[in-house]
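Structure record follows, encoded as structure tokens.
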Amino acid sequence: MTSAPNSERRSERARRAILDAAFDLVSRKGFAKVTIEGIAAQAGVGKPTIYRWWSSKGAVVLEAMNEELGDDFAFPDTGDIAADLTTQITAVSQRLVTGRISEAFKGVMAEAQNDAALMKAFRETILEPSIAECRARLDSAVAAGQLRSDVPTDVMVDLFYAPVHYRHFLGFGDDAVRRSADLVQDVLLGLRPRPDAG
């Protein structure tokens, strides 16, 4: 007796094909030139299959980007906050500039400016988990006396990462990669504990 096809397996195969196609097309052509029709054609599915799971091209690309990233931006903890920040910020800068993630990241961010649902998903799945992990690492450095306790770690996150994204979105990403170690040292000058005044 022949068993019925497993619909869950078919669905997962289609989902995987769609995400792979979306990420490949955006990486090669840029976000603006990719369409749902193009993703469907490369994935070998119909447009209704895509719209059954995602509301827009941006939503498809965001999920593909999340899967591509995985744990790539995990924050190390060697006990040396300068070394850990340099390692992590360099990794982020390299992926944003030279990695396949670059076009997807810029495209989703641009699309999210006019799509509140996409912005919410982007914040919840990429930005907020990364910020929380960085904040936790900074909190441990504060507790260890490596960083000032009078500066909120939310502010520290902005000081370290705003220049990376600023340079990436303005097209100076290569410089951000080269300057990662300098950036960390420059910011740390103001965040190291101050010597006792007395």
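At a threshold of 4.5 Å between non-hydrogen side-chain atoms, the residues I81 and L85 count as touching. Two residues are said to be in side-chain contact when any heavy atoms from C-beta on lie closer than 4.5 Å; R137 and C134 fail this criterion. Under the 4.5 Å side-chain criterion, counting only non-hydrogen atoms from C-beta, L19 is in contact with R16. You'll find the side chain of R192 reaches within 4.5 Å of the side chain of Q146, heavy atoms only. When side chains are defined from C-beta on, E111 does not count as touching F122, because their heavy atoms never get closer than 4.5 Å. Taking 4.5 Å as the limit, every side-chain heavy atom of V60 sits out of range of all side-chain heavy atoms of K57. Put simply, the side chain of F160 reaches to within 4.5 Å of the side chain of L191, judged on heavy atoms. In this structure, L147 and L188 have side chains that are in contact, with non-hydrogen atoms separated by less than 4.5 Å.
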Evaluate D139 against R135 for side-chain contact (heavy atoms from CB on, under 4.5 Å), listing each step before the verdict. CA-CA 6 Å; D139 283 338; R135 190 188 304 122; 3.9 Å; yes

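Using a 30° and 60° split on the angle between ring planes, H165 and F105 fall in the parallel class, below 30°.
In this structure, OG1 on T35 lies 7.5 Å from NZ on K29, to the nearest 0.5 angstrom. Note that the CD atom of E133 and the CD1 atom of I131 stand 12.0 Å from one another [nearest 0.5 Å]. The CG atom of D154 sits 11.0 Å away from the CG atom of L159 when rounded to the nearest 0.5 Å. A distance of 9.0 Å separates OG1 of T87 from CZ of F75, quoted to the nearest 0.5 Å. To the nearest 0.5 angstrom, M65 atom CE is 10.5 Å from S102 atom OG. Rounded to the nearest 0.5 Å, atoms CD (Q113) and CG (D115) are 10.5 Å apart.
For the pair A59 and L118, the tightest heavy-atom approach, listed with the atom from each and the gap, is N-CD1, 3.8 Å. Listed here is the closest heavy atom pair of G145 and P193: O-CG, 3.1 Å. Listed here is the closest heavy atom pair of A40 and K47: CB-N, 4.1 Å. Closest approach of W53 and S11 over heavy atoms only: CH2-O, 3.3 Å. Of all the heavy atoms in G58 and V108, the pair that sits closest is O-CG2, 4.0 Å. Smallest separation of non-hydrogen atoms from E103 and S27: CG-O, 4.3 Å.
Here the side chain of D77 pairs a donor or acceptor atom with the backbone of G79 at under 3.5 angstrom. Proximity of a side-chain donor or acceptor of T153 to a complementary backbone N or O of M156 within less than 3.5 Å is not detected.
Residues W54 and M119 do not share a hydrophobic cluster, defined by chaining ILVMFWY side chains whose heavy atoms lie under 4.5 Å apart. Under the 4.5 Å side-chain contact rule for hydrophobic residues, I36 and L62 share a cluster. Connection of V164 to V187 is established within a shared hydrophobic cluster, with ILVMFWY side chains joined at heavy-atom distances below 4.5 Å, either directly or through further cluster members.
The side-chain tip of K106 does not point at the ring of F31 from less than 6.0 angstrom away and within 45° of straight on.
Classification of R15 and E63 as a salt-bridged pair holds, one side-chain N sitting under 4.0 Å from a carboxylate O.
The 12-atom threshold is exceeded at CZ of R148, counting heavy atoms of other residues, nucleotides or ligands nearer than 6.0 Å.
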